[in-house]
**Student:** 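Right, I'll just put the structure down here and ask away after.
Keep in mind that this is a model prediction, so the values were computed, not measured.
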Amino acid sequence: MADDTESEQAAVLADGNPPPLSKSARKKLLKQERQAARKAERKVAEKERRRADIERRRREWEESLAAAPSEEAREEMLAARRETRLERVGKRVEERGARAERLRRAAEGAGQKVVLDLEFADLMRPNELHSLTQQIMYCYAVNGRSATPAHLWLTGCSGEMGTQVQRIPGFDKWIIEKEAKPYLEAFADRKENLVYLTADAETVLDDLDKSKIYIIGGLVDRNRWKGITQKKAVDQGIQSAKLPIGNYLKMSSSQVLTVNQVFEIMQKFVETKDWKTAFFHVIPQRKRGETGAADDEVEASMGDAAALEGTTDGDHPKGDLDKCSDEEVDNDDDGGGDEEDDIAKKRHCVRSEN
């Protein structure tokens with residue numbers, strides 16, 4: 001049975017067409033469609049809640065002004081409000097300057113080199129391309145907030161994928177390496193340092209090597225293309241490795257991490273030098289089983305669009321999101337209940353970064 005499945009997948013890979021959906025995949029697709037409908041309803045409700053909140057605060061402010069005992073007191077209230085706003089704007093300008101400086105230092109050699117491989121666009125559906133774009137946005141936001149940012153690269157950034165990322169607000173101002181050509185060409189003189197991160201690898205990472213260039217596969221595929229990143233690494237003759245998640249966690253549900261989760265785990269490890277801390281900081285509690293179990297492996301190289309739906313407070317601490325949300329801040333997994341908030345926060349994170 002396994003050989004037949006591998007033969008079928010090999011045949012599919014050869015002709016470039018995705019395999020037909022199985023019965024379980026169709027059921028999962030229907031479930032995702034129901035989740036999408038509920039998400040749309042929640043989005044409308046949340047938009048109305050925010051509108052009502054803005055209106056309430058405006059009304060309270062006007063009532064406070066009207067209740068001022070004198071014109072002089074009213075002017076003092078207005079002056080205090082203007083001063084508060086100016087201080088907030090100044091703080092944001094200062095933070096943006098410091099962030100830009102950290103990213104420049106990382107690009108000059110201080111940061112760990114990490115590549116997001118965007119050469120899989122032809123294997124993804126439009127909604128999956130959109131999900132990957134959201135994950136790229138979150139990677140950039142996380143990197144900008146990090147005290148030790150990575151030297152981040154986008155390779156294979158052309159065609160439909162290039163069109164998608166160009167639509168990101170402020171993308172042209174991102175302090176990030178953007179390459180239309182594949183990473184093999186971009187790093188032709190350093191091929192021996194390329195390491196593809198994939199759950200199918202035999203090598204387990206113990207540490208991150210500054211001389212290495214780690215590649216995260218930019219593929220949102222709902223598990224249609226299992227093993228494709230390892231096969232790509234083998235075919236290209238480059239190294240592959242996997243994160244040591246199995247040494248610390250037994251995943252309790254979905255075994256797929258998003259691109260931004262893998263990137264954030266790496267960033268957290270650079271900061272703490274502790275894999276367990278990095279995993280517990282990033283991987284949502286609902287996906288974590290008992291610690292110390294090594295049986296289940298996590299597909300670290302692929303970002304399942306389904307896994308994106310649960311990445312609010314569980315997948316990324318709310319405090320981190322709030323840091324980039326002062327400017328009226330507005331990010332798929334089987335849980336599905338939090339996708340709307342997660343995607344909205346990602347968008348605003350990136351808007352605030354810019």
**Student:** Please answer whether the main-chain N or O of Ala186 pairs with a side-chain N or O of Glu179 as donor and acceptor at a distance below 3.5 Å.
**Tutor:**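 Between the backbone of Ala186 and the side chain of Glu179 there is no qualifying donor-acceptor contact (under 3.5 Å).
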**Student:** Per the salt bridge (charged side-chain N to carboxylate O under 4.0 Å, His left out) rule, what does the pair list look like for residues 66-87, sequence neighbours excluded?
**Tutor:**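 Applying salt bridge (charged side-chain N to carboxylate O under 4.0 Å, His left out) to every pair that reaches into residues 66-87, excluding sequence neighbours, yields Glu71-Arg74.
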**Student:** Given side chains that start at C-beta, do those of Leu257 and Ile245 come closer than 4.5 Å, heavy atoms only?
**Tutor:**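 Yes; the side chains approach each other to less than 4.5 Å.
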**Student:** Looking at Phe171, is its backbone amide N or carbonyl O close enough to the side chain of Lys178 to form a donor-acceptor pair, meaning the two atoms are under 3.5 Å apart?
**Tutor:**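 Indeed, once roles are kept as given, a pair shorter than 3.5 Å links the two residues.
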**Student:** Assess whether a salt bridge exists between Arg105 and Glu108, defined as any Lys/Arg side-chain N lying under 4.0 Å from an Asp/Glu carboxylate O.
**Tutor:**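 Looking at Arg105 and Glu108, the cut-off is not met.
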**Student:** Using a cut-off of 6.0 Å, state whether more than 12 heavy atoms not belonging to Lys27 lie near its atom NZ.
**Tutor:**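 Incorrect, the count does not exceed 12.
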**Student:** Closer than 4.0 angstrom, basic N to acidic O: yes or no for Arg50 and Glu46?
**Tutor:**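 Yes, this pair counts.
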**Student:** Ignoring hydrogens and geometry, is there a side-chain-to-backbone donor-acceptor pair from Gln230 to Ala199 under 3.5 Å?
**Tutor:**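 Between the backbone of Ala199 and the side chain of Gln230 there is no qualifying donor-acceptor contact (under 3.5 Å).
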**Student:** Looking at Arg102 and Ser146, would you say the former's side chain and the latter's main chain have a donor-acceptor pair under 3.5 Å?
**Tutor:**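 Side chain of Arg102 to backbone of Ser146, a donor-acceptor pair under 3.5 Å: yes, one is there.
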**Student:** Kindly write out the residues that satisfy ring-ring contact (aromatic ring centres under 6.0 Å, His included) with Phe263, not counting sequence neighbours, or none if the list is empty.
**Tutor:**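 None.
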**Student:** Output yes when Glu48 and Arg51 qualify as a salt bridge under the 4.0 Å nitrogen-oxygen rule, no when they do not.
**Tutor:**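 Yes, charged N to carboxylate O under 4.0 Å.
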**Student:** Relative to each other, are the rings of Phe279 and Tyr248 parallel, tilted or perpendicular (30° and 60° limits)?
**Tutor:**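 The rings of Phe279 and Tyr248 sit tilted, inter-plane angle from 30° to 60°.
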**Student:** Is the backbone N or O of His151 less than 3.5 Å from a side-chain atom of Gln112, with the two atoms forming a donor-acceptor pair by type?
**Tutor:**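 Looks like no, no N/O pair under 3.5 Å.
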**Student:** Can you list the residues that meet the side-chain hydrogen bond (donor to acceptor under 3.5 Å, both in side chains) rule with Thr133, with sequence neighbours excluded?
**Tutor:**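 Here no residue qualifies.
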**Student:** Near Glu55 CD, under 6.0 Å, is it more than 12 heavy atoms from other residues, nucleotides or ligands?
**Tutor:**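 Counting neighbours around CD of Glu55, more than 12 heavy atoms of other residues, nucleotides or ligands fall under 6.0 Å, so yes.
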**Student:** Considering only heavy atoms from C-beta outward, does the side chain of Trp153 approach that of Ile213 to under 4.5 Å?
**Tutor:**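 Trp153 vs Ile213: side chains apart.
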**Student:** Are the side chain of Lys212 and the backbone N or O of Lys113 linked by a donor-acceptor pair below 3.5 Å?
**Tutor:**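 Flag not set: sc Lys212 to bb Lys113 has no pair under 3.5 Å.
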**Student:** Could you go through the salt bridge (charged side-chain N to carboxylate O under 4.0 Å, His left out) check for Lys232 and Asp235 one step at a time?
**Tutor:** CA-CA 5 Å; Lys232 183 176 184 179; Asp235 291 347; over 6 Å; no
**Student:** Please report the C-alpha distance between Trp225 and Phe120 in whole Å, then the side-chain angles of each, then the deciding distance to 0.1 Å, and finally whether the side chain to side chain contact (heavy atoms under 4.5 Å, CB included) criterion is met.
**Tutor:** CA-CA 10 Å; Trp225 303 99; Phe120 298 106; over 6 Å; no
**Student:** So does Ala233 get a backbone contact from the side chain of Gln239, meaning a donor-acceptor N/O pair under 3.5 Å?
**Tutor:**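 A pair under 3.5 Å: no.
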**Student:** Do Glu95 and Arg92 sit within salt-bridge range, that is, some charged N less than 4.0 Å from a carboxylate O?
**Tutor:**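 Result for this pair is no, no salt bridge flagged.
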**Student:** Under 3.5 Å, is there a donor-acceptor pair between the side chain of Tyr214 and the main chain of Asp209?
**Tutor:**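 Yes.
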**Student:** Can any side-chain N or O of Lys191 pair as donor or acceptor with the backbone N or O of Gly237 at less than 3.5 Å?
**Tutor:**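 Side chain of Lys191 to backbone of Gly237: no pair is present.
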**Student:** Would you check if the side chain of Trp275 reaches a backbone N or O of Asp206 as a donor-acceptor pair within less than 3.5 Å?
**Tutor:**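 Yes, the answer is positive, given that a donor and an acceptor are paired below the 3.5 Å cut-off.
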